[in-house]
Amino acid sequence: MKLTPREKQIQARMQPGAITINGFLGDDERHFHEIISDDRRTLERLGITAQELADKMKYLTDRAFDNYDETMIVEEIYEVSYNTVRGRLICPFMHPGSYRKGEVVVKNLKNNLTVKWTPLSVHMIEVHGFFEGKGSKNRIEPEILYRVLFGN
Amino acid sequence: MVAIVTTVAVLSGLTGFLALLLILAESVVANYGECTIEINKKKKLEVIGGSSLLSLLDEHGIYLASACGGRGSCGYCKCTVLDGGGPVLPTEKPFLSIEEQEADVRLACQIKVKNDIFIKIPEEIFNIQQYKATVQKIIDLTYDIKELHLKLFEPPEINFKAGQYVQLQTPAYEKSRQPVSRAYSISSSPEHNDHIELIIRRVPDGICTTYVFDYLREGDSIEFTGPFGDFYIRETEADMIFVAGGSGKAPIKAMVELLHSQNSRRRMAYLFGARTKKDLYYTELFDEFQKKMQNFTFVPILSNPEEDSEWKGKTGFIPAYLNDYIKDPEKTEAYLCGSPGMIAAVEKKLLELNIPKDKIYYDSFA
């Protein structure tokens, strides 16, 4: 696939050692547009949008930030904790701003599924529809995320 | 066939001509010639225009804080531009409050110097320099925290205030294609100005901490800039409450060491929060300070001690214990360093206990 200069820059920023040590693509050889398209199809099948997922993630992230690094129960469904890590990350899509490095951990107490995300993950899902490549350490599987956030 | 060759030749010629035109335009339009950067109405730098304000200041040995190398992603390199900076760019706005925008605060990395420019920066910034040092010692403080001893050799001394930080520069290495710099508080007292100590906690997959933990060795050279920051001891007679968590102990250690060497009579309490016993470090050091300093109390608090740890100290969260160590809220200063969650919870409690907001100083991890 032919890349525009901007796409080349984004692709470069997703490589290991650019913004994070492991990068955002894992061992996924697809172009990031294909990764986004494939995940969008999964969301369509599930009948949910990236925005709806991101809204719920932001709500739980805010609860985690408020809670002084300890585990809390939200709405009797979610067990939420936040692991503080010093520093901030920038968006590989060159969107302005920076995002806390810490990790939000959410467990759905009804189905016992757990997902982890960083504030940058929430931004990338909301604005870019990007869940990261297969094999990436911080890849969030859209279906598992959906089941944690909205599943019984 | 002739038509194809002619077409290719014409297209090649046209492309070459356009490229030449672009080069000429770049040299004419983007040639801003000599410009002046006037700083604080007293210092003038003669520069060749066309580069960012941040990089031009850097070239002249004036180091504004920057953790992203001028990519517009950290928002640290703020300065006041009195004139000549052009309009605020969309890339700056996420980092500037409305008040800052009204006060002409800008990000130096986003301003391209095209004409004379007039800026204002804090006087302390003239004290910021680039330093080269040798790694004298690397000590494991816990399973994920190391202490670095850096002996300066160029220049051989540094002047800083206890509580300030430096930006350690990691060179490009196996796991990072480009150099990066990250901020770390100095944990040693400013009285020993030929070296500094840093406390560094491993950040999972962090470019700089991976370098420090897995690649940096004793005897290696390393560079840093500094000192930065306005988290330092206010010279008053007020009582002091220190609160820290995790690697937030670094600036507090520098402060307590300094106060100890000054024989300070100020009343001080230091509440350190950690999850488990294995997250504690420097406990013996601060117990020693407690013995040597009549007015100093050290209080480690564990939020989640292991059942078999035989922990006999305080448990729970720092806010619950603050009231025990505040005698006169109006005459108390608080110095906090740690996660945003911890700082928010402690600040809220301190305000409830009537500590004036302007006497709460903090260095947040985010």
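Worth saying up front: this structure is predicted, and the values here are computed from it rather than measured. Chain letters run A, B, ... following the sequence lines, proteins first, then strands; residues in each count from 1.
Remark: T20(A) OG1 to D205(B) CG distance equals 7.0 Å, nearest 0.5 Å. Going from atom CD1 of I21(A) over to atom OH of Y211(B) covers 12.5 Å, rounded to the nearest 0.5 Å.
Annotation for I207(B) and I19(A): closest pair CD1-O, 3.7 Å, computed over non-hydrogen atoms.
R13(A) CZ: more than 12 foreign heavy atoms inside a 6.0 Å radius. Within 6.0 Å of CD in E75(A) there are more than 12 heavy atoms belonging to other residues, nucleotides or ligands. The neighbour count for K277(B) NZ, taken as heavy atoms of other residues, nucleotides or ligands under 6.0 Å away, is above 12. Enclosure of atom NZ in K78(B) by more than 12 non-hydrogen atoms of other residues, nucleotides or ligands within 6.0 angstrom is indicated.
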